[in-house]
Amino acid sequence: MLRIAAINFLNPAPLMWDFEQPPLAATLAQHYTLHYTQPSLCADELLAARADLGLIPIASLTPELAIVPGCAIASLEEVRSIQLIVKSPHTLGTVKTVAADTASRSSLAYSEILFRKFLHTDPAFLPAQADPIAMLEHADAAILIGDPALLALESRAAIEKTIGPCQWFDLAHEWRIRTNLPWVAAVWAVRPEALTSSHITPQQLTHDLQTSRDHGLQHIDDLVHQWTPRINIPPTTIRHYLTRNIHYTLDPNCIRTIELFRQYAAEAGILPPLPSLRFL
């Protein structure tokens, strides 16, 4: 069977619908096995052949991995779930240290591109647990990724009561205003050789993933109901996040974003070059 490394965050929930919910979960389980990990570890599992298919950060794409067309985790304007918090009296241009949640390689790389290419500064990035108050007590700024970022936005008043006034920057928005392109976090990537042994065709894999996404987007109310007890965010915010903040289609502009992101990251010495994208 094809081994899937998935992410147990809110934003991929629509992509996983058919793999987790009846009536198709049982059918898909005849061809796929599923386990959850951190976004930053999905690519490691693929490259080590511990998984065959993963929802991986675009920073982790390598020439050996093929992008499965159709699906993405992206944002056309503001994503909410990637927050760069800068405490007073600093501004983006004066930040010297950034406490960074290391859950996503792409988000860290976007941050480094923001500072190095667009702001022409080079702050130190300090790995840290996703605790905004602790992060900001030890650094000029903090990067929060995924659900911790959404939770921090809900607790903004309490955080600033402890830390003092802060500026909050949405990294998707910062990328958008500088490139006029969507922000892209992750794509489905596969080890192509794994399809041969699993007897799943590229067409079938692409169909299964796109159909799961489409069904998930048709069941947003169900996802809101499922996730409301799991994350301390109002149901209206969860619904807005899944329907307005996240863009789930790997369209031509998203592909251009991946190419430009990897170009900028290579030019700044953040990531190795990726001469061309490989598609299944």
Side-chain angles (χ1 to χ4, degrees), residues 4-25 34-40 42 55-57 70-85 101 103-104 106-107 110 129-133 142-160 166 168-176 182-188 209-251 254:
I4 303 177
I7 305 165
N8 197 20
F9 277 176
L10 172 60
N11 58 22
L15 300 181
M16 303 307 303
W17 180 264
D18 283 349
F19 293 89
E20 297 175 335
Q21 308 294 332
L24 293 179
L34 186 65
H35 71 278
Y36 293 93
T37 186
Q38 288 284 339
S40 57
C42 282
L55 192 60
I56 72 167
C71 298
I73 293 179
S75 180
L76 301 181
E77 182 49 51
E78 293 184 348
V79 71
R80 289 183 64 87
S81 53
I82 310 291
Q83 293 291 320
L84 173 61
I85 311 168
D101 178 0
S104 168
S106 291
S107 299
Y110 273 113
Q129 295 296 314
D131 179 337
I133 291 176
I143 296 171
L144 291 170
I145 296 164
D147 296 352
L150 296 174
L151 292 166
L153 282 171
E154 297 298 319
S155 304
R156 180 170 180 170
I159 293 169
E160 295 196 15
C166 297
W168 296 61
F169 298 92
D170 186 300
L171 281 188
H173 176 72
E174 297 304 312
W175 171 264
R176 179 77 185 192
W183 172 87
V184 182
V187 293
W188 284 115
L209 294 177
Q210 292 188 19
T211 301
S212 182
R213 175 203 60 199
D214 294 345
H215 288 163
L217 293 175
Q218 292 165 14
H219 288 86
I220 292 297
D221 287 344
D222 295 311
L223 287 169
V224 171
H225 179 74
Q226 290 175 12
W227 275 87
T228 297
R230 297 173 61 179
I231 185 169
N232 190 25
I233 295 173
T236 54
T237 301
I238 296 176
R239 180 177 287 103
H240 187 276
Y241 179 68
L242 294 176
T243 59
R244 301 292 296 276
N245 293 121
I246 303 296
H247 175 69
Y248 289 101
T249 300
L250 185 63
D251 56 33
C254 287

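Treat the numbers as computed from the prediction; the structure is a model and nothing was measured.
Annotation for H35: atom NE2 counts as buried by contact number, over 12 foreign heavy atoms lying within 6.0 Å. More than 12 heavy atoms of other residues, nucleotides or ligands shown are found within 6.0 angstrom of CZ on R156. Atom CG of D251 sits in a crowded spot, with more than 12 heavy atoms from other residues, nucleotides or ligands closer than 6.0 Å.
Considering only residues two or more places apart in sequence or on other chains, W188 meets the ring-ring contact (aromatic ring centres under 6.0 Å, His included) condition with none of them. Every residue meeting the salt bridge (charged side-chain N to carboxylate O under 4.0 Å, His left out) condition with E154, not counting sequence neighbours, appears here in chain and number order: R80.
Separation of atoms CG (L151) and CD (Q83) is listed at 11.5 Å; rounding is to 0.5 Å. Note that CG of D147 and CG of N232 are 11.5 Å apart. Values are rounded to the nearest 0.5 Å. Taking CD1 from I133 and CD from E160, the interatomic distance works out to 11.0 Å, rounded to the nearest 0.5 Å. The distance from atom CG of L171 to atom CD1 of I143, rounded to the nearest 0.5 Å, is 6.0 Å. Taking CD of E174 as the reference point, atom CD of E78 lies at 9.0 Å (rounded to 0.5 Å). The CD atom of Q218 sits 11.5 Å away from the CG atom of L223 when rounded to the nearest 0.5 Å.
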I would like to know whether T37 and I7 meet side chain to side chain contact (heavy atoms under 4.5 Å, CB included); could you show each step before the answer? CA-CA 6 Å; T37 186; I7 305 165; 5.8 Å; no

The test is side chain to side chain contact (heavy atoms under 4.5 Å, CB included); show your working for E20 and Q226 and say whether it passes. CA-CA 12 Å; E20 297 175 335; Q226 290 175 12; 5.7 Å; no

I'd like to know whether I238 forms a side chain to side chain contact (heavy atoms under 4.5 Å, CB included) with T228, so could you lay out the CA-CA distance, the side-chain angles of the two residues, the decisive distance to 0.1 Å, and finally the verdict. CA-CA 8 Å; I238 296 176; T228 297; 3.9 Å; yes

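Closest non-hydrogen pair, S81 versus Y241, comes out as OG-OH, 2.7 Å. Closest of all the heavy-atom pairs between M16 and L34 is CE-CD1, 3.5 Å. Taking both residues in full, the closest heavy atoms of Y248 and L15 are given as CD2-CD2, 3.8 Å, listed atom of the first, atom of the second, then distance. Minimum interatomic distance between S75 and N245 (heavy atoms only, all atoms of both residues): OG-O, 2.8 Å. Minimum heavy-atom separation, L55 to C42: O-SG, 3.5 Å. Residues C254 and H247 approach most closely at SG-CD2, 3.9 Å, considering heavy atoms.
In this structure the side chain of L144 reaches within 4.5 angstrom of the side chain of I85, judged on heavy atoms. In this structure, I73 and F9 have side chains that are not in contact, with every pair of non-hydrogen atoms separated by 4.5 Å or more. Two residues are said to be in side-chain contact when any heavy atoms from C-beta on lie closer than 4.5 Å; Y110 and V184 meet this criterion. Looking at heavy atoms from C-beta onward, I159 lies in side-chain contact with W168 at the 4.5 angstrom threshold. Under the 4.5 Å side-chain criterion, counting only non-hydrogen atoms from C-beta, F19 is in contact with L209.
Between H219 and W17, the angle of the ring planes stays under 30°, which puts this pair in the parallel group of the 30/60° scheme.
Residue pairs meeting the salt bridge (charged side-chain N to carboxylate O under 4.0 Å, His left out) criterion with at least one partner in residues 209-236, sequence neighbours excluded, are D221-R239.
Remark: the backbone N or O of H173 is not paired with any side-chain donor or acceptor of W183 at under 3.5 angstrom.
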